[in-house]
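Start at 1 and go down the list; that is how both ligands and their atoms are numbered.
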Amino acid sequence: MTRTPVNVTVTGAAGQIGYALLFRIASGHLLGPDVPVNLRLLEIPQGLKAAEGTAMELDDCAFPLLRGIEITDDPNVGFAGANVALLVGARPRTKGMERGDLLAANGGIFKPQGKAINDHAADDIKVLVVGNPANTNALIAQAAAPDVPAERFTAMTRLDHNRAISQLAAKTGAAVSDIKKLTIWGNHSATQYPDIFHAEIAGKNAAEVVNDEVWLADTFIPTVAKRGAAIIEARGASSAASAANAAIDHVHTWVNGTAEGDWTSMGIPSDGSYGVPEGIISSFPVTTKDGAYEIVQGLDINEFSRARIDASVKELTEERDAVKELGLI
Ligand code: NAD
Ligand code: LMR
């Protein structure tokens, strides 16, 4: 049976993450090896020429699943009929910029994009925001799209999730594939909380296997939370291939489901679970099935975790209040 192509829109398509992402989408890693895709590359005018170059390279790969590429600087065109939108393009923080300036600059991007999604995307649109500050940018876009169910707007904490699994595997000598049920809570920022208290390593409780609260507090958590900054320091540019890989993982898991006995981490609009104020976009443990996700309920949150979840959630509520003040939500 010939399947209808899925329309995938990527913003910031000419950037570093875009370059690492587009080829994997076109080769079937985002949605599956039997799902054809149409790509829409949305850029600002200065990025259009480079996006055209990337499109030429995509053509040169002769990907069997790639049915079409459209390049535009108009969000109304870029999101027309979109089934999946990866919002990667964002305004980076530059020297002398305060957090409020950064939020305002990104509001100028994510508010019109949210509106264009509201007005032109397909009914089943799924949105992943990668561009930082990802959680609050997702909130801005979601608020500008009142006709789209709020839960379709998500923010990426899968890179943090993958980083935490890798660090835990290195510490314990376990295989990455033996680690399950890890959780990132809160914001994609240095306040995020990677939680191993419910995680399992080959079926055993991870915190008990590690049995080292000093390592947890002083090494593991800061290493994961500050990994983005460490990559920038080492590479002279922010993470790109690993970020693109995490975006692929996020959408693939959302569409195709979590494995039995495991869960993942996604930044999603809170329904009030675990004392996280309703509406803010915060990372939770989720299972996914048939294209929908559910927060894993009933986890016992110890004092160590509670304090760290609360700190990250506090930062998110402050970001929400700041964008509210700016009239962005
Ligand atoms: P980059 O600067 O290489 O590329 C960004 C691209 O976005 C540029 O080509 C730019 O022209 C484009 N752009 C800017 N405004 C746009 C708009 N309004 N519409 C469409 N395109 C627009 O940056 P990058 O390295 O690809 O990173 C992109 C974003 O992802 C940054 O905000 C970065 O901080 C963030 N990031 C997030 C995570 C995460 O885990 N959530 C990880 C890594 C990077
Ligand atoms: C990352 O986690 O690698 C990025 O969010 C870092 C950044 O500031 O772009």
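Residue contacts with ligand 2 include Asn132, since one of its heavy atoms falls under 4.0 Å from the ligand. Ligand 1 lies out of reach of Ala240, whose nearest heavy atom is not under 4.0 Å from it. Heavy atoms of Gln46 stay at 4.0 angstrom or farther from ligand 1. Within the 4.0 Å heavy-atom cutoff, Gly89 counts among the residues contacting ligand 1. For the ligand labelled ligand 2, residue Arg227 lies outside the 4.0 Å heavy-atom shell.
Here is the list of ligand 1 atoms found below 4.0 Å of a heavy atom in Ser238: 25 (O). Listed by atom number, the atoms of ligand 1 under 4.0 Å from Leu159 heavy atoms are 40 (O), 42 (C). Which parts of ligand 1 touch Leu42 is read off a 4.0 Å heavy-atom cut-off, strictly below it: atoms 20 (C), 21 (N). Each of the following atoms of ligand 1 lies closer than 4.0 Å to a heavy atom of Met156: 39 (C), 40 (O), 41 (N).
Nearest protein heavy-atom contact of atom 27 (O) of ligand 1 is Ile17 CD1, 3.4 Å. Here the heavy atom of the protein found nearest to atom 11 (O) of ligand 1 is Glu43 OE1, 2.7 Å. What sits closest to atom 2 (O) of ligand 2 on the protein, heavy atoms only, is Arg163 NH1, 2.9 Å. Looking only at protein heavy atoms, the nearest one to atom 37 (C) of ligand 1 is Val130 O, 2.9 Å. The protein heavy-atom contact nearest to atom 3 (O) of ligand 1 is Gln16 N, 2.9 Å. Protein heavy atom nearest atom 29 (C) of ligand 1, with residue, atom name and distance: Val88 O, 3.2 Å. Looking at atom 43 (C) of ligand 1, its nearest protein heavy atom turns out to be Ser239 OG, 3.3 Å. Among all non-hydrogen protein atoms, the one lying nearest atom 39 (C) of ligand 1 is His188 NE2, 3.2 Å. The protein heavy atom nearest to atom 16 (C) of ligand 1 is Ile44 CG2, 3.5 Å.
Taking the charged nitrogens against the carboxylate oxygens, Lys314 and Glu318 do have a contact shorter than 4.0 Å, which makes a salt bridge. At a threshold of 4.0 Å, the pair Glu200-Lys180 does not count as salt-bridged, since none of the basic side-chain nitrogens sits closer than that to a carboxylate oxygen. With salt bridges taken as basic N to acidic carboxylate O contacts below 4.0 Å, none links Arg308 and Asp195. Salt bridge status for Arg163 with Asp160: present, with a side-chain N to carboxylate O gap under 4.0 Å.
Ser282 and Trp185 are not linked by any side-chain donor-acceptor pair at a separation below 3.5 angstrom, with hydrogens and angles left out of the test.
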Check against side-chain hydrogen bond (donor to acceptor under 3.5 Å, both in side chains), Tyr293 and Glu151: CA-CA 9 Å; Tyr293 58 79; Glu151 71 267 17; 5.9 Å; no

Is there a ring-ring contact (aromatic ring centres under 6.0 Å, His included) between Phe197 and Phe304? Walk through the geometry before answering. CA-CA 10 Å; Phe197 285 100; Phe304 183 96; 5.6 Å; yes

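A donor-acceptor contact shorter than 3.5 Å links the side chain of Asn135 to the backbone of Ile281. At least one donor-acceptor pair under 3.5 Å links the side chain of Glu43 to the backbone N or O of Ala14.
No side-chain heavy atom of Leu41 sits less than 4.5 Å from a side-chain heavy atom of Thr11. Side chains of Asn132 and His188 form a contact here, defined as non-hydrogen atoms less than 4.5 Å apart.
Closest heavy-atom approach to atom 3 (O) of ligand 2 among the candidates Ser239, Pro133, Ser242: Ser239. When Gly15, Ala50, Ala90 are ranked by how near their heavy atoms come to atom 14 (C) of ligand 1, first place goes to Ala90.
Taking a 6.0 Å sphere around CD of Glu325, one finds it holds 12 or fewer heavy atoms contributed by other residues, nucleotides or ligands. In Gln297, the CD atom is crowded: over 12 heavy atoms of neighbouring residues, nucleotides or ligands sit closer than 6.0 Å. For Asp147, the CG atom is densely surrounded, since the number of other residues' heavy atoms within 6.0 Å is greater than 12. More than 12 heavy atoms of other residues, nucleotides or ligands shown are found within 6.0 angstrom of CZ on Arg152.
Protein heavy atoms are found inside the 4.0 Å sphere centred on atom 32 (O) of ligand 1. The presence of a protein heavy atom under 4.0 Å from atom 19 (N) of ligand 1 is confirmed.
Close N/O approach between His188 and ligand 2 is found [any backbone or side-chain N/O within under 3.5 Å]. Residue-to-ligand polar distances place Asn132 within reach of ligand 1: an N/O pair is separated by less than 3.5 Å. Between Gly12 and ligand 1, an N or O atom pair is found at a separation short of 3.5 Å.
The side chain of Ala243, and not its backbone, has at least one atom closer than 4.0 Å to an atom of ligand 1 (non-hydrogen atoms only; side chain from C-beta on). The proximity of Gln113 to ligand 1, defined as any non-hydrogen pair under 4.0 Å, is limited to the side chain.
The minimum heavy-atom distance linking Thr191 with Ser312 is given by the pair OG1-OG, 2.8 Å.
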